[in-house]
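Notes for the one structure printed next.
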Amino acid sequence: MKRYASYWKVVFVSAKFIDKFNINQAIFYGINRGINSTQGDLPFLFIDGNYKIHISKSIAGYFSLTKGDDLAPSISAASVLAKTYRDAYMEKLDRKYPGYGFSQHKGYGTEFHRNQIERLGISPIHRLSFLKFLRKEKEESLFPYGESI
């Protein structure tokens with residue numbers, strides 16, 4: 001699949017960044033990091049989702065398409081590449097942080113994953129902003145001593 005692409009790049013954004021800025025800002029940051037690392041200008045960018053973004057590098061333009069991975073072959077291919085890289089990364093994290101089952105659930109919030117977090121605690125790679133199930137009813141935040149990341 002990669003051999004047919006005119007350009008592709010996989011960019012990881014840390015859990016700390018996501019917790020500090022939110023998932024949408026992490027997506028925008030990742031897109032700009034991927035573009036900024038290219039050689040030369042990209043003619044056009046296709047994005048899965050409904051986004052209006054500021055791109056920090058000169059490109060001819062972008063098109064944001066809701067359900068783009070179902071409708072546009074280039075976005076579908078990008079989704080497959082991203083998932084393949086993420087799954088491989090989760091396999092490595094499973095070895096580094098045993099017991100959480102990352103190689104099985106790939107980081108998705110399955111019941112097993114939630115139970116293991118409650119049993120083992122939060123690892124350094126967990127996105128705290130996604131762990132609302134750990135909050136007590138009246139507790140506003142997972143960060144009891146301030147939200148410094």
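For the numbers below, each heavy atom of this structure counts, side chains included, while hydrogens, waters and symmetry mates do not.
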Using residues 59-74 as the side-chain source, report each donor-acceptor pair under 3.5 Å to any protein atom, sequence neighbours left out, with the distance given to one decimal.
residue: Y62; atom: OH; partner: I53; partner atom: N; Å: 2.9
residue: S64; atom: OG; partner: G49; partner atom: O; Å: 2.6
residue: S64; atom: OG; partner: Y51; partner atom: N; Å: 2.7
residue: S64; atom: OG; partner: Y51; partner atom: O; Å: 3.4

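- A tilted orientation is assigned to the rings of H113 and H126, their planes being inclined by 30° to 60°.
- Taking S79 as the reference, nothing meets the side-chain hydrogen bond (donor to acceptor under 3.5 Å, both in side chains) condition, with sequence neighbours excluded.
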**Request:** Check the pair K106 / E91 against side-chain contact (heavy atoms from CB on, under 4.5 Å), numbers first and verdict last.
**Result:** CA-CA 8 Å; K106 306 295 190 250; E91 298 278 340; 2.9 Å; yes
**Request:** With side-chain contact (heavy atoms from CB on, under 4.5 Å) as the test, would you mind laying out the steps for Q104 and M90 before giving the verdict?
**Result:** CA-CA 9 Å; Q104 287 82 35; M90 297 308 287; over 6 Å; no
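- Using a 4.5 Å heavy-atom threshold, the side chains of I18 and L128 count as separate.
- Here Y85 contributes atom OH and W8 contributes atom CH2; the two are 3.0 Å apart, rounded to the nearest 0.5 Å.
- In this pair, Y100 and F102 present their aromatic rings parallel. The plane angle is below 30°, not in the 30 to 60° band.
- Taking the centre and axis of the six-membered ring of Y89, the NZ or CZ atom of R86 falls outside the cone set by 45° and 6.0 Å.
- Between H105 and G107, the shortest heavy-atom distance links the atoms ND1-N, 2.9 Å.
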**Residue pair I47, I75: steps toward the side-chain contact (heavy atoms from CB on, under 4.5 Å) verdict** = CA-CA 7 Å; I47 301 171; I75 296 175; 5.9 Å; no
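- Between L93 atom CG and S123 atom OG the span is 7.5 Å, to the nearest 0.5 Å.
- Applying the salt bridge (charged side-chain N to carboxylate O under 4.0 Å, His left out) test to K83 and every residue at least two apart in sequence or in another chain returns D87.
- Considering all non-hydrogen atoms of both residues, G101 and F112 come closest at CA-CE2, 3.8 Å.
- For the atom pair S14 OG and I125 CD1, the distance stands at 11.0 Å (nearest 0.5 Å).
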**Request:** With ring pair (Phe, Tyr, Trp, His ring centres under 6.0 Å) as the test, would you mind laying out the steps for F21 and Y29 before giving the verdict?
**Result:** CA-CA 10 Å; F21 296 105; Y29 175 73; 8.1 Å; no
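- Taking the side chain as every heavy atom from C-beta outward, I23 and R127 approach each other to under 4.5 Å.
- Aromatic ring orientation, F46 versus F44: tilted (interplanar angle from 30° to 60°).
- F130 CZ to I117 CD1: the interatomic distance, rounded to the nearest 0.5 Å, is 12.0 Å.
- In the hydrophobic clustering of ILVMFWY residues, with side-chain heavy atoms under 4.5 Å counting as a link, L131 and L120 come out together.
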